[in-house]
**Q** 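A single structure is presented below for examination.
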Amino acid sequence: MDYEGFKSQVFSLTKIDLNAYKERQMKRRIDALISKNKFKGYDDYVAAIKANSKLLEEFVNYLTINVSEFYRNPEQWRVLESEIFPELIKASGKSLKIWSAACSTGDEPYSLAMVLSKFVPLSSINILATDIDKQVLEKAKLGLYAEKSLAGLPKEYVSKYFTKVGTSSYQISNDIKKCVQFKQHNLLKDSYPTGYDLILCRNVLIYFTEEAKEEVYRKFNDTLRKGGVLFVGSTEQIIKYRELNYESRKSFFYIKL
């Protein structure tokens, strides 16, 4: 079986379309995984993940890129707090519809809830957080984090919303957990929600092909209400944002026209 055949088998097993990812990068990662696990090639590995659900879960977990930390790129979060949230609340009221797409281990939606709590009561915050990877969603629901994940988070949030567990782990409070609803979602295959005020999708689409990125940005535009905001990662400026019906604000925020 060649890599094309492997991609087809993976799609039938997981509904993950490897054609949407940059090929050289993804193939190198998969080849490294196969050789690390001492399989002879794609045929052997496909047979193994078909027969062993634990191995299949590990494969999906490996495919999805989970680099996450609280309050990643702090200066962008400060723009969200000082400009974006006040404008959205003025336009839509205090019950904002917010989606953290490709949320990984939950650091991002929990950061959102903490920042938004400066403007509205926690009981009014309801954030949808989705990821393709079931294992990271389970970690997110658990809400237990290593000290280094919290390194960039303002100390006020750490002291208010976390409890230290053991020597170097922190448990997030139930009050923040209740603000976030976690669901499995595949950005390339599943239907999108509608009527949202704010979408965060950061540091994920860099792994997608240009065509896949454009499709996702268009779907995000359909998901947002007019004047709604898309917040992207620090290496993900949208070059053709006008063609996709956005206007740009501060490089990482795009407003639906």
Side-chain angles (χ1 to χ4, degrees), residues 66-185 193 195-204 223-225 228-231 233 253:
N66 298 311
V67 180
S68 195
E69 62 192 63
F70 283 85
Y71 216 72
R72 191 173 183 180
N73 309 114
E75 65 290 350
Q76 294 167 23
W77 285 88
R78 287 192 281 273
V79 172
L80 184 71
E81 181 179 332
S82 63
E83 296 181 34
I84 305 297
F85 273 147
E87 287 172 18
L88 290 176
I89 288 166
K90 191 176 175 186
S92 291
K94 293 192 171 183
S95 296
L96 296 178
K97 288 184 77 175
I98 300 173
W99 178 17
S100 170
C103 68
S104 189
T105 50
D107 317 41
E108 180 180 275
Y110 288 144
S111 295
L112 268 172
M114 287 184 269
V115 175
L116 191 52
S117 72
K118 288 188 162 185
F119 299 90
V120 301
L122 286 173
S123 57
S124 299
I125 300 173
N126 185 13
I127 296 162
L128 171 65
T130 64
D131 201 279
I132 195 172
D133 184 341
K134 277 195 280 197
Q135 285 184 319
V136 297
L137 290 174
E138 290 308 314
K139 286 181 197 168
K141 288 175 192 171
L142 186 64
L144 189 64
Y145 296 94
E147 195 164 19
K148 66 175 190 226
S149 289
L150 276 61
L153 192 62
K155 296 291 177 278
E156 60 178 297
Y157 297 132
V158 179
S159 57
K160 191 170 183 182
Y161 294 122
F162 289 87
T163 308
K164 195 166 185 180
V165 181
T167 54
S168 61
S169 295
Y170 285 80
Q171 175 72 58
I172 201 159
S173 79
N174 282 332
D175 288 340
I176 293 292
K177 274 192 190 179
K178 285 175 190 166
C179 297
V180 183
Q181 178 192 14
F182 290 100
K183 279 187 176 176
Q184 192 177 22
H185 182 272
Y196 273 68
D197 298 288
L198 174 66
I199 299 170
L200 283 81
C201 186
R202 306 171 74 227
N203 310 304
V204 174
T223 293
L224 290 166
R225 63 158 181 80
V229 176
L230 171 62
F231 179 12
F253 296 92

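As the structure is a prediction and not an experimental result, all values here were calculated from the model.
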**Q** Between the side chain of Q171 and the main-chain N/O of F162, is any donor-acceptor distance below 3.5 Å?
**A** no
**Q** Using modelled atom types and a 3.5 Å cut-off, is there a donor and acceptor pairing between side-chain atoms of Q181 and backbone atoms of L128?
**A** no
**Q** Would you give the length of the straight line joining atom CG of N126 to atom CD1 of I98, rounded to the nearest 0.5 angstrom?
**A** 9.0 Å
**Q** Give a yes or no answer on whether the side chain of K178 reaches the backbone of I125 with a donor-acceptor pair at less than 3.5 Å.
**A** no
**Q** What I'd like to find out is whether the side chain of F253 reaches to under 4.5 Å of the side chain of L230, using heavy atoms alone.
**A** no
**Q** Checking the side chain of S111 only, and the main-chain atoms of Y71 only, is there a donor and an acceptor separated by less than 3.5 Å?
**A** yes
**Q** Would you please test F182 and Y110 for ring pair (Phe, Tyr, Trp, His ring centres under 6.0 Å) and show each step?
**A** CA-CA 11 Å; F182 290 100; Y110 288 144; 5.7 Å; yes
**Q** Could you tell me the separation between the CD1 atom of I172 and the OG1 atom of T163, rounded to the nearest 0.5 Å?
**A** 10.0 Å
**Q** How long is the span from the CZ atom in F119 to the OG atom in S124, to the nearest 0.5 Å?
**A** 14.0 Å
**Q** Could you check whether D107 and T105, counting side-chain N and O atoms only, form a donor-acceptor pair closer than 3.5 Å?
**A** yes
**Q** For side-chain contact (heavy atoms from CB on, under 4.5 Å), just list the numbers for L116 and L112, CA-CA rounded to whole Å, side-chain angles, deciding distance to a tenth of an Å, and then say yes or no.
**A** CA-CA 6 Å; L116 191 52; L112 268 172; 5.9 Å; no
**Q** Please check: side-chain N/O of E108 versus main-chain N/O of R72, any donor-acceptor pairing under 3.5 Å?
**A** no
**Q** We want to know whether T130 and W99 form a side-chain donor-acceptor pair, criterion being a heavy-atom distance below 3.5 angstrom.
**A** yes
**Q** Ignoring hydrogens and angles, tell me if any N or O in the side chain of K134 forms a donor-acceptor pair with the backbone of Q184 under 3.5 Å.
**A** no
**Q** Got more than 12 heavy atoms from elsewhere within 6.0 Å of NZ, K164?
**A** yes
**Q** Is there a salt bridge (charged side-chain N to carboxylate O under 4.0 Å, His left out) between E138 and K141 once you walk through the steps?
**A** CA-CA 5 Å; E138 290 308 314; K141 288 175 192 171; 3.7 Å; yes
**Q** Quick check: does any side chain N or O of Y196 sit under 3.5 Å from a backbone N or O of L96, one acting as donor and the other as acceptor?
**A** no
**Q** With heavy-atom distances below 4.5 Å as the criterion, would you say the side chains of C103 and L137 are in contact?
**A** yes
**Q** Evaluate Q76 against E81 for side-chain contact (heavy atoms from CB on, under 4.5 Å), listing each step before the verdict.
**A** CA-CA 9 Å; Q76 294 167 23; E81 181 179 332; over 6 Å; no
**Q** So which atom in I127 and which in A113 form the shortest heavy-atom distance, rounded to 0.1 Å?
**A** CD1-N, 3.7 Å
**Q** Nearest heavy-atom pair of N203 and G233: which atoms, and what distance?
**A** OD1-CA, 3.7 Å
**Q** Whether the side chain of D131 engages the backbone of S104 through a donor-acceptor N/O pair (distance < 3.5 Å, no angle test) should be reported.
**A** yes
**Q** Would you please indicate yes or no on a ring centroid separation below 6.0 angstrom for Y157 and F70?
**A** no
**Q** With M114 as reference, evaluate I176, L122, V158 under the side chain to side chain contact (heavy atoms under 4.5 Å, CB included) test and give the passing residue.
**A** I176
**Q** Do any N or O atoms from the side chain of S159 and from the backbone of K155 form a donor-acceptor pair under 3.5 angstrom?
**A** yes
**Q** Please confirm whether the ring centroid of Y145 lies under 6.0 Å from the ring centroid of Y170.
**A** no
**Q** Are L144 and V165 close enough that some pair of their side-chain heavy atoms sits under 4.5 Å apart?
**A** yes
**Q** List the atom pairs, donor and acceptor, that lie under 3.5 Å between side-chain atoms in residues 87-94 and the rest of the protein, sequence neighbours left out.
**A**
unit_1, atom_1, unit_2, atom_2, d
E87, OE1, R249, NH2, 3.0
E87, OE2, R249, NH1, 3.3
S92, OG, D197, OD1, 2.6
S92, OG, R225, NE, 2.9
S92, OG, R225, NH2, 3.2

